[in-house]
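See below for the structure under consideration.
Quick caveat: nothing in here was measured; it's all calculated off a predicted structure. In what follows, chains carry the letters A, B, and so on, assigned in the order in which the sequence lines appear, proteins first and then strands, with residues in each chain numbered from 1.
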Amino acid sequence: MSCSVLDEEQFRLSCQLLLQRSDQLGDGWSWEAVQGSEEGYLRKTALRSVPSDWGPLHDQKGFSSHPQPQTLCDSTGHEKEEQDPAASTGSDFLRAEEEDAGSYTVTNSSSLVLQYEYHILFSCSYGAPVLYFRAFTLEGRSLALEEMWSTIHPNYRLCLQNCPLNAISQQEHPLLGQPFFFFHPCRTEEFMGPVLQAAPDQGRPVNYVLSWLSVVGPVVGLDVPLQYCTALHSTKPD
Amino acid sequence: MITLLCGFESFICRMLSVLFMPAGSCSVLGLHLCFGGAYSLCPTGRTSCSTMADDKDVLRDVWFGRIPTCFTLNPDEVTEREAEAYYLLLPRVSYLPVVTDKVKKHFLKVMRAEDVEEMWFEYEGTPLKWHYPIGVLFDLHASNTVLPWNITVHFKNFPDQDLLHCLSNSIVEAHFMSSIKEADALKHKSQVVNDMQKKDHKQLWMGLQNDKFDQFWAMNRKLMEYPTEDGGFRYIPFRIYQTLSDRPFIQKLFRPVSPDCNVHTLGDLLKEMYPDALTNDGEQKRYQVLIHGIEPLLETPLQWLSEHLSHPDNFLHICVVPVPTD
């Protein structure tokens, strides 16, 4: 690929390769096709344990009146007025507060177990993959945006706060119509560009979706094992 | 009420030839908008200079489109006394959270604070997606019903499997700006929107929020420009909505002009993206294709529609609804 923009066919091919490797590794990805078309997305569910000292999950009784973290993508790169994201993502979340034992499961090692669902879709507007995800407590309650922030490692949280361009926000799933969280794809081209430029020097083709996933996945608890990179290549000439 | 509807309709309804069907059911109680002014289209697809004024009129008609709405509190909500219905003219091009502060205040007067959670709206059992423009919600769910549009207001049991949360106007702003950026990614590879200052982005949002047509279009016109030699945008930002399947909308890449310089029409778009919406020869018409409550002729150039009938978010929102069987 000469530019860092993906087309739908390339996306599908990258997904299929990823899928093959996932099957070999037992990593749990599946391809969900849109009825009667070639369109579809990658899907995976996983249980994830989140240390409770990253911040308490909000009690469900009574909704929070905190303003949401500013999710506006400012692609001019100009200084943004923060809409007080600290209110939702900062020190409140890192304080140890008394837990409300009724609303979530606490394991022996003092962490919370959540059920995650990850979808990788293609954005034709941005020529890039997009990660949609949602999480539920084991009782089946879905996480709100502020709670989602508290499941993100404090280091990543700081990065995202300073760089709202890659912020997480709630969005309607374009194929299912249900609320999910997603990473805005408008800046994917920026970080994938250098990867693709360096690829010819590496002497092997880059799987766009895999490389992209290894960047955004870990932020939301989706790890990409190194074994994916061994013997994963396209049979098509680049 | 009848007086209101007459005034409303004459405000909106004018005569138009060529591009727009007179939308047969443009009656006092109907909500179809008719656009006015003699509009002619040169064979090359460019508009003649004498109709530039009419183009601006179309922009105004789109911006100032209104839907008479009646808000009623969900009967299961706990109130201290009976809640009266609240009537409001909703702007088609805006979003529910932006224009319903008065609705909220009205109903909060009869409720106790502990019975109030996030407000949400529903029409005939369907939760209304606040992140869709109001006109789209109406066309999709209630286009062939008698006015006013009857919406039920809820303060409890927020359906978080159906609706996004919206706890402040900054969330609406974020969604709106996100759409504008996505539209420009399609039209101009994001070059125009990226060249704008942060204050320019703010002007677009404030223009919409405060219903200021001139303020909005002073900035939005830049997003509607294109190099003359290209004949149009790179791709047309559009979404086709329907209620017959789970898929909320269809959005794909589509060029306004073909590689061999043919101007693509609304009909071409539908043929490619949603052929079921079209009526074949000899068949009875099954679907209406609505944009801002009207059915543009299928021969209308898509580029023209994108420039004139887009919503403020720069997307052409197209609703395909079954023809009413009455």
Rounded to the nearest 0.5 Å, how far does CG of A/Leu143 lie from CG of B/Asp160?
10.5 Å

Let me know if A/Gln171 has heavy atoms under 4.5 Å from chain B in its side chain, its backbone, both or neither.
both

Please answer whether the main-chain N or O of A/Gln178 pairs with a side-chain N or O of B/Gln161 as donor and acceptor at a distance below 3.5 Å.
no

Shortest non-hydrogen contact from B/Ser178 to A/Tyr126?
O-OH, 4.3 Å

Can you tell me how far NZ of B/Lys252 sits from CZ of A/Phe122, rounded to the nearest 0.5 angstrom?
12.0 Å

What pairs with B/Gln203 under side-chain contact (heavy atoms from CB on, under 4.5 Å), at least two apart in sequence or on another chain?
B/Gln215, B/Ala218, B/Met219

Side chain, backbone, both or neither: which part of A/Leu176 has a heavy atom under 4.5 Å from chain B?
backbone

Please determine, among A/Ser123, A/Cys124, A/Pro185, the option with the most heavy-atom pairs under 4.5 Å with chain B.
A/Cys124

Heavy-atom count around A/Asp7 CG within 6.0 Å, excluding the residue itself: above 12?
yes

Quick one: does A/Glu172's side chain get under 4.5 Å of B/His175's, heavy atoms only?
no

Heavy atoms, side chains only, cut-off 4.5 Å: are A/Gln35 and B/Ser245 in contact?
no

Got a second to check how far A/His173's NE2 is from B/Asp246's CG, nearest 0.5 Å?
12.0 Å

Within the 3.5 Å criterion, strictly below it, is a donor on A/Gln170 or B/His165 matched to an acceptor on the partner's side chain?
no

B/Phe254 versus chain A, heavy atoms under 4.5 Å apart: side chain, backbone, both or neither?
neither

Please determine whether the number of non-hydrogen atoms from other residues, nucleotides or ligands lying under 6.0 Å from atom NZ of B/Lys189 exceeds 12.
no

I'd like to check the side chain to side chain donor-acceptor pair (under 3.5 Å) partners of B/Tyr287; sequence neighbours left out, ordered by chain and number.
none

Using a 4.5 angstrom heavy-atom cutoff, name the option from B/Leu164, B/Asp162, B/Leu253, B/Ile250 with the most pairs to chain A.
B/Leu164

Among B/Glu182, B/Glu114, B/Lys129, single out the residue with the greatest number of heavy-atom pairs under 4.5 Å to chain A.
B/Glu182

Closest heavy-atom pair, B/Ala185 versus A/Ser125, reported as atoms and distance to 0.1 Å, is CB-O, 3.8 Å

Exceeds 12 heavy-atom contacts within 6.0 angstrom, atom NZ of B/Lys156:
yes

